2 protein chains.
Amino acid sequence: MSLLGDPGFLLPERRDRIDRAVAERTRTLTVVMEAFCDPQNVNAVLRTCDAFGVQEVHVVEGPMKPYDRNRKISQNADKWLDVVRWKSSAECLDALKARGFAVYATHLDDGARPLGALSFAGKVALVFGNESRGVSAEALARADARYVIPMRGFVQSLNVSVAAAVSLARAVERREAERGRHGDLAEAEADELRQRFYGLAVRQRARIAKAERAETRPASGRALRRIRHG
Amino acid sequence: MSLLGDPGFLLPERRDRIDRAVAERTRTLTVVMEAFCDPQNVNAVLRTCDAFGVQEVHVVEGPMKPYDRNRKISQNADKWLDVVRWKSSAECLDALKARGFAVYATHLDDGARPLGALSFAGKVALVFGNESRGVSAEALARADARYVIPMRGFVQSLNVSVAAAVSLARAVERREAERGRHGDLAEAEADELRQRFYGLAVRQRARIAKAERAETRPASGRALRRIRHG
């Protein structure tokens with residue numbers, strides 16, 4: 001068996017992709033989702049977090065159905081993220097504040113500042129509230145800033161996954177201006193994450209190789225089914 | 001009956017809101033959605049267009065189910081927009097190009113430029129392709145620029161409604177820098193739109209008043225039902 005055929009071997013392109021992604025990762029910008037009703041929104045935000053290099057994402061589970069991963073929408077993004085689940089916003093935000101995060105909550109009131117006026121020079125946690133109820137009282141009590149994405153039309157708000165993406169795009173741009181760069185893992189953290197991602201990629205490769213072998217045998221359908229849903 | 005109780009009378013706050021929205025409206029930035037599979041994405045993009053003052057939106061209808069308005073997701077945004085439906089992208093983009101629009105298509109290839117490098121000094125149509133197939137060959141052939149939102153992680157792309165929102169947020173920011181302002185309707189266009197919006201608001205007020213009267217009568221449920229779905 002050649003090295004390339006060995007599922008334990010990681011192709012150089014795959015390794016480069018992982019190294020590039022890790023170089024763009026951060027744990028000094030994070031997102032908190034408060035008890036979203038629609039799992040599709042949770043999954044869309046996870047996909048956006050991966051795309052913008054946000055490694056750590058906090059999900060406060062509400063009284064509604066629990067967060068349910070949807071591969072089609074998240075594009076498996078959660079595999080590459082640290083998704084931390086919490087029973088309450090108070091617990092989640094107190095822990096983040098103890099770690100030095102400033103809490104910015106999307107909330108429309110008189111004291112709210114426009115997104116464009118926020119600083120991202122320090123560690124920031126962006127809080128997005130439930131689709132109908134908005135940000136919780138616990139989160140507002142802990143917020144260092146309340147902000148809005150300026151609305152120019154008739155609708156009162158953007159879809160929550162859209163609001164998260166617009167906020168993150170702005171945050172990344174401001175971080176590059178205010179901090180010089182966005183990705184900022186310490187070397188030890190980056191090493192740990194690279195090793196974890198190499199491992200994930202090797203296991204993914206092994207599953208694909210197994211499915212390909214199964215495809216050349218009389219079809220039981222099992223291995224392929226596992227790849228799609230498992 | 002006092003003036004305030006007359007559903008034909010528009011409250012000053014409502015009138016101000018309409019005037020402010022019209023001042024932020026533009027027809028020199030537009031969005032083209034190519035045969036989206038998921039009506040939820042179409043509705044989310046409509047809501048975003050309203051929020052960012054984009055008055056004219058083009059929907060190319062595909063072989064899939066036709067665009068189906070969903071009030072919960074669009075928040076009735078399409079009521080305040082000019083939604084133009086097309087049978088093909090070629091027809092739609094040829095018409096826009098004849099009106100002087102530059103066509104920017106989201107498409108990942110070697111010639112693609114990052115979103116941040118695009119100019120929005122002129123009239124621009126942003127084209128978003130079908131969720132699985134991406135931008136069509138007809139659209140690529142007509143594109144003045146291909147662009148990407150830089151992806152820093154593992155997922156290949158953002159959800160299409162998220163990509164549209166990130167693109168529009170950037171476009172508005174660049175338009176303010178490059179053109180001095182975003183909303184730019186000529187006085188006659190603005191007048192026409194204001195009158196149309198006043199009319200829509202008056203009819204909406206009349207429906208609400210009727211529903212409120214129905215609520216104080218023995219419930220037949222009819223009027224209220226009409227408000228929610230009609």
Side-chain angles (χ1 to χ4, degrees), chain A residues 14 17-18 20-26 38 40-41 43-55 72-81 115-116 131-132 149-170 172-173 176 182-183 197 200-201, chain B residues 14 17-18 20-26 38 40-41 43-55 72-81 115-116 131-132 149-170 172-173 176 182-183 197 200-201:
Chain A
R14 192 68 182 146
R17 176 96 183 267
I18 289 172
R20 279 200 311 274
V22 169
E24 295 282 355
R25 272 332 207 215
T26 184
D38 186 349
Q40 188 156 339
N41 284 329
N43 282 295
V45 172
L46 292 176
R47 180 170 168 186
T48 303
C49 286
D50 171 71
F52 285 120
V54 173
Q55 181 60 29
K72 196 178 145 213
I73 297 157
S74 73
Q75 288 212 334
N76 282 331
D78 59 346
K79 189 169 113 174
W80 309 98
L81 297 174
L115 170 64
E131 294 92 333
S132 338
I149 298 169
M151 295 283 104
R152 297 167 187 264
F154 295 93
V155 297
Q156 305 253 345
S157 62
L158 295 169
N159 165 280
V160 70
S161 67
V162 163
V166 170
S167 302
L168 285 176
R170 175 70 190 181
V172 170
E173 197 182 310
E176 287 181 334
H182 173 56
F197 288 165
L200 280 168
Chain B
R14 191 68 183 147
R17 175 98 185 265
I18 289 172
R20 280 200 311 274
V22 169
E24 295 283 354
R25 268 341 203 209
T26 183
D38 185 348
Q40 190 157 340
N41 284 329
N43 283 295
V45 172
L46 293 176
R47 181 170 165 185
T48 304
C49 285
D50 170 70
F52 285 120
V54 173
Q55 180 60 29
K72 196 177 148 215
I73 298 157
S74 73
Q75 288 211 335
N76 283 329
D78 60 345
K79 189 168 113 173
W80 308 99
L81 298 175
L115 170 63
E131 294 92 333
S132 339
I149 297 168
M151 295 282 105
R152 298 166 185 264
F154 294 94
V155 297
Q156 306 255 345
S157 62
L158 295 169
N159 164 279
V160 70
S161 67
V162 162
V166 170
S167 302
L168 285 175
R170 175 72 189 180
V172 169
E173 197 183 310
E176 287 181 334
H182 173 55
F197 289 165
L200 280 169

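Note on naming: letters A, B, ... go to the chains in the order of the sequence lines (proteins, then strands), and numbering restarts at 1 for each one. All figures in this text were calculated on a predicted structure; none of them were measured in a lab.
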Checklist entry - Mind checking whether B/Phe154 and A/Trp80 have parallel, tilted or perpendicular rings, split at 30° and 60°? => result parallel
Next on the checklist: Taking the side chain as everything from C-beta on, heavy atoms only, tell me whether A/Gln40 gets closer than 4.5 Å to B/Asp38.
Outcome noted: yes
Item to check | CG on A/Asn43 to CG on B/Asn159, rounded to 0.5 Å | outcome: 11.0 Å
Checklist entry - Side chain, backbone, both or neither: which part of B/Glu131 has a heavy atom under 4.5 Å from chain A? => result neither
Next on the checklist: Quick one, B/Arg25 and A/Arg152 - any side-chain contact, counting heavy atoms below 4.5 Å?
Outcome noted: no
Next on the checklist: For B/Ala51, which atoms come within 4.5 Å of any heavy atom of chain A: side chain, backbone, both, or neither?
Outcome noted: both
Item to check | chain A contact via B/Leu115 - which portion, at a heavy-atom distance below 4.5 Å | outcome: neither
Item to check | Residue from A/Val166, A/Val162, A/Val155 passing side chain to side chain contact (heavy atoms under 4.5 Å, CB included) with B/Thr48 | outcome: A/Val162
Checklist entry - At a heavy-atom separation under 4.5 Å, does A/Ile18 approach chain B through its side chain, its backbone, both, or neither? => result both
Next on the checklist: Taking side chain as everything from C-beta outward and backbone as N, CA, C, O, which of these in A/Gln55 sits under 4.5 Å from a heavy atom of chain B? Side chain, backbone, both or neither.
Outcome noted: neither
Checklist outcome for this item: When rounded to the nearest 0.5 Å, the distance separating CE of B/Met151 from CZ of A/Arg20 is 13.5 Å
Checklist entry - Where on B/Val54 is there a heavy atom nearer than 4.5 Å to chain A: the side chain, the backbone, both, or neither? => result neither
